[in-house]
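The sequence lines fix the lettering, A, B, ..., with proteins before strands; numbering per chain opens at 1. As the structure is a prediction and not an experimental result, all values here were calculated from the model.
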Protein chains: 2
Amino acid sequence: MGFTELANARLETIGFRSTAPRRAVLRAIEAAGAPFTVEDLLASLPDVGRATVFRTIKLLHELDLLCRVPLEDGSVRYQLSEGGHHHHLVCRGCGRFTEFTDLELDARIQEQARAHDFILEGHAVELYGLCRECRGQGA
Amino acid sequence: MGFTELANARLETIGFRSTAPRRAVLRAIEAAGAPFTVEDLLASLPDVGRATVFRTIKLLHELDLLCRVPLEDGSVRYQLSEGGHHHHLVCRGCGRFTEFTDLELDARIQEQARAHDFILEGHAVELYGLCRECRGQGA
DNA sequence: ATGGATGCAAAGACTTTGCAGGTCG
DNA sequence: CGACCTGCAAAGTCTTTGCATCCAT
């Protein structure tokens, strides 16, 4: 079951309607191989209104079906979420992300919170650099 | 030596001019006890033009005198930078940040990069939760 | 049928830019 | 004095909202 069907089913379960524009957005997101900007989506969906694209992205993000990745310059990309908690390696060359999980890293973070008498409710870790493909190409 | 003098000296050294509006922005930043938004600064500096405030913030950020912290909702705060590399504990209650450094955490991050054949050039870690003051107040 | 969803365009929030005039060094 | 800086307002971005219409259930 692809993302489109899965997300669609999930939406219906919660009481949202399955509409043509909504499914079009889901398909476009699934088709996007790399992280995308809202602008990318808008461009690939000329027949869907801006508002609908924004509203759908917001919805999916709230449902954790889409993850939002802040870049260093302050811009934001979205990417299909694999679901669980994870972190990102963001390539400055090609802009792609790789997700990874690291329990030890998370444990260390938890410990820092404890050390500061801080109730940890969430955290974000982003690594920036060059991926294997881009490192050689001077990208 | 306070931030204002330090930053001012630093600016002059690099060839920027010490002007009244610039110093006013520096003073306002130093006076801000907590992280601030650009809007906060603008409000506290009614006699300095918007453009100048934005331009000065940008300048200070580029010089690493100011650090930019992305909140979960996508908004951005600034805070006087203590200089070196560090991470943040961001309180969802009062909005204040605490900076911390953790070599072990950084090492773990470096290792993840290595494991993914990724040239690490930078990273960001943000912890979200409740600080000690806010945890009891249901804030 | 009926309330949620859509699309358009307008309004908003936030930031940058062009330019005439002022100021630091 | 000359280059840099400032302030204003206008122009950009990017995102949200109001509202009449449409459509899934």
Q) Is there a donor-acceptor contact under 3.5 Å from the side chain of E5(A) to the main chain of G2(A)? A) yes
Q) Among the nucleotides dT15(C), dA5(C), dT6(D), which one has an atom lying closest to any side-chain atom of V38(B)? A) dT15(C)
Q: Figure out the CG/C1' separation between D47(B) and dC5(D), and round it to whole Å.
A: 17 Å
Q: Using a cut-off of strictly less than 4.0 Å, decide whether T19(A) has a side-chain nitrogen or oxygen near OP1 or OP2 of dG4(C).
A: no
**Q.** Which residue lies more 5' along DNA chain C, comparing K58(B) with R23(B) via nearest heavy atoms
**A.** K58(B)
**Q.** Under-4.0 Å side-chain N/O to phosphate OP1/OP2 contact, T52(B) with dG7(D)
**A.** yes
Q: Considering only NZ, NE, NH1 and NH2 on the basic side and carboxylate oxygens on the acidic side, decide whether R108(B) and D102(B) come within less than 4.0 Å.
A: no
Q) Has the side chain of R17(B) got a donor or acceptor that lies under 3.5 Å from a partner of the other kind on the base of dA3(D)? A) yes
Q | Euclidean distance, atom CG of residue L11(A) to atom P of dT6(C) [Å, nearest integer] | A | 10 Å
Q. What is the distance, rounded to the nearest whole Å, between atom CZ of F16(A) and atom C1' of dT25(D)?
A. 15 Å
Q: Using a cut-off of strictly less than 4.0 Å, decide whether R22(A) has a side-chain nitrogen or oxygen near OP1 or OP2 of dT6(C).
A: yes
Q. Where the side chain of S75(B) meets the backbone of L71(B), is there a donor-acceptor pair that is under 3.5 Å apart?
A. no
Q | Length of the line joining H61(B):NE2 and dT16(C):P, which is rounded to integer Å | A | 12 Å
Q) dG4(C) base to R55(A) side chain: any donor-acceptor pair below 3.5 Å? A) no
Q) Please give, in whole Å, the distance from dC5(D) P to I57(B) CD1? A) 17 Å
**Q.** Atom-to-atom span, CZ of F54(B) to P of dG18(C) - whole angstrom
**A.** 17 Å
Q: Return the value, rounded to whole Å, for the distance between atom CG of N8(B) and atom P of dC5(D).
A: 12 Å
Q.
For R77(B), is there an ion pair with D40(B) - N to carboxylate O distance below 4.0 angstrom?
A. no
Q. Given atom CZ of R50(B) and atom C1' of dT17(C), what is their separation to the nearest angstrom?
A. 14 Å
Q: Would you kindly compare L42(B) and S18(B) by the position of their nearest DNA chain C nucleotide and give the one closer to the 5′ end?
A: L42(B)
Q: Go through E30(B) and R27(B) one step at a time and tell me if the salt bridge (charged side-chain N to carboxylate O under 4.0 Å, His left out) criterion holds.
A: CA-CA 5 Å; E30(B) 184 170 20; R27(B) 258 181 278 113; over 6 Å; no
